[in-house]
Amino acid sequence: MKISAISIFPEYFQPLQLSLIGKAQEKSLVEFNVKDLRDFTHDTHRTVDDTPYGGGAGMVMKPEPWGEALDQTLTDGCDLIVLTPAGKRFNQRLAEKFSQSPHLVFACGRYEGIDARVTEYYRSQPRYRVHEISIGDYVLNGGEVAALAIIESVVRLIPGVIGNPESLVEESHAQDGVVEYPTYTKPAEWRGLKVPDVLSSGNHGAIATWRAEAAQLRSQHAERD
């Protein structure tokens, strides 16, 4: 898979050189590159924003540098992901969908967002799939943090990235609305709290039943909280 990001703060993406995602790049399972939006400006101040039509607080990112950057980055059949609080809520199903894409391109807006015509224009081009995505009902300073979260959730689903692929089957949100059961390790007792006896019983059927019931109970608590 190829992953690209466009941002005025390309340094934000340095953590992608670490841990499993860094190893995935070393093994050529993933190719990542980031472009500085300011490289696509043509004035002395490398301006990427301007005041909004109709008035209002804040600044809006200009369409011209975004158009040049995206024209140079997008490839046939790619998925353009525009990060915005007004977008569709990201979830595990979307992570699975995006993990099948040959090329993900993240447009990381700042300020009051990207001029709406940018998304409108590329959505009208049949060569690309365009998605406006949010990672939750809150506002960030920019799209970089959201892009990092999505990239990590997607890349770990690519075959060969996770050492034990079975760990992907039982984890939280592998089934709609169900989170993973509680997990424990040694010692058997810590600060007066004991590991449930069933987990050391050797009875795999009983363990499976306990885990299924614990997962359902935990999921119900998560919904209430």
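- Taken together through direct or relayed side-chain contacts under 4.5 Å among Ile, Leu, Val, Met, Phe, Trp and Tyr, Leu37 and Leu16 form part of one hydrophobic cluster.
- Donor-acceptor pairing under 3.5 Å is recorded for the side chains of Lys35 and Thr73.
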### Query
Step by step, would you call Val30 with Ile3 a side chain to side chain contact (heavy atoms under 4.5 Å, CB included)?
CA-CA 7 Å; Val30 178; Ile3 300 176; 3.9 Å; yes
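- Contact check on Asp115 versus Arg117 returns a salt bridge, with a Lys/Arg side-chain nitrogen under 4.0 Å from an Asp/Glu carboxylate oxygen.
- For the 3.5 Å distance criterion, the side chains of Glu132 and Thr84 fail to qualify, holding no donor opposite an acceptor.
- With rounding to the nearest 0.5 Å, the separation of OG1 in Thr209 from CD1 in Ile207 is 10.0 Å.
- Residue-environment remark: CG (Asp71) exceeds the threshold of 12 foreign heavy atoms within 6.0 Å.
- Partner of Ile21 under the side-chain contact (heavy atoms from CB on, under 4.5 Å) criterion, chosen from Glu152, Arg156, Glu26: Glu152.
- With a 6.0 Å radius and a threshold of 12 heavy atoms from other residues, nucleotides or ligands, Tyr138 has its OH atom above the threshold.
- Linking ILVMFWY side-chain heavy atoms closer than 4.5 Å, directly or via other members, places Phe106 and Val145 in a single hydrophobic cluster.
- Val161 and Met1 fall within a single hydrophobic cluster, where Ile, Leu, Val, Met, Phe, Trp and Tyr are joined by side-chain heavy atoms under 4.5 Å apart, directly or via other members.
- Here Leu80 contributes atom CG and Ile133 contributes atom CD1; the two are 10.5 Å apart, rounded to the nearest 0.5 Å.
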- request: List the steps, then state whether side chain to side chain contact (heavy atoms under 4.5 Å, CB included) holds for Ile8 with Tyr111.
  value: CA-CA 11 Å; Ile8 60 172; Tyr111 316 124; 3.5 Å; yes
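- For Glu64 and His42, the side-chain atoms include no donor-acceptor pair closer than 3.5 Å.
- Interatomic distance, Ile158 CD1 to Phe98 CZ, rounded to the nearest 0.5 Å: 13.0 Å.
- A salt bridge is defined here as a Lys NZ or Arg NE, NH1 or NH2 lying under 4.0 Å from an Asp or Glu carboxylate O, and Asp79 with Lys97 fails to meet this definition.
- Neither Phe40 nor Val118 shares a network with the other; the hydrophobic side chains, linked directly or stepwise wherever heavy atoms of I, L, V, M, F, W or Y lie under 4.5 Å apart, form separate groups for each.
- Distance check, rounded to the nearest 0.5 Å: CD of Glu31 to NE2 of His103 gives 8.0 Å.
- Across every non-hydrogen atom of Thr41 and Thr47, the tightest pair is CG2-O, 3.2 Å.
- A 6.0 Å sphere centred on NZ of Lys62 holds more than 12 heavy atoms belonging to other residues, nucleotides or ligands.
- Annotation for Ser7 and Glu144: closest pair OG-OE2, 2.6 Å, computed over non-hydrogen atoms.
- Of the charged side-chain nitrogens involved, none lies within less than 4.0 Å of a carboxylate oxygen, so that Arg110 and Asp49 do not count as a salt-bridged pair.
- Here Asp76 contributes atom CG and Gln125 contributes atom CD; the two are 11.0 Å apart, rounded to the nearest 0.5 Å.
- In terms of heavy-atom proximity, Val195 sits nearest to Pro187 at CG2-O, 4.1 Å.
- The aromatic rings of Tyr122 and Tyr128 lie tilted to each other, with the angle between the two planes from 30° to 60°.
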| task | Start with the C-alpha distance between Ile162 and Leu20, add both sets of side-chain angles, then the distance that settles side chain to side chain contact (heavy atoms under 4.5 Å, CB included), and finish with yes or no. | result | CA-CA 7 Å; Ile162 297 292; Leu20 291 176; 3.6 Å; yes
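- Contact between Arg46 and Asp36 at its shortest, heavy atoms only, is NH2-OD2, 4.2 Å.
- Minimum heavy-atom separation, Pro102 to Arg129: CD-NH2, 4.3 Å.
- When the side chains of ILVMFWY residues are joined at heavy-atom separations under 4.5 Å, either directly or via intervening members, Val82 and Phe9 end up in a single hydrophobic cluster.
- For the atom pair CZ of Arg38 and CD1 of Ile6, the computed distance is 14.5 Å after rounding to the nearest 0.5 Å.
- Residue Tyr12 comes nearest to Pro15 through the heavy atom pair O-CD, 3.2 Å, listed as atom of the first residue, atom of the second, then distance.
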- Query: Could you go step by step and tell me if Glu120 and Arg123 meet the salt bridge (Lys or Arg N to Asp or Glu O under 4.0 Å) rule?
  - Reply: CA-CA 5 Å; Glu120 181 182 350; Arg123 186 168 276 149; over 6 Å; no
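- For Gln25 (side chain) and Leu18 (main-chain N/O), no donor-acceptor pair under 3.5 Å exists by modelled atom type.
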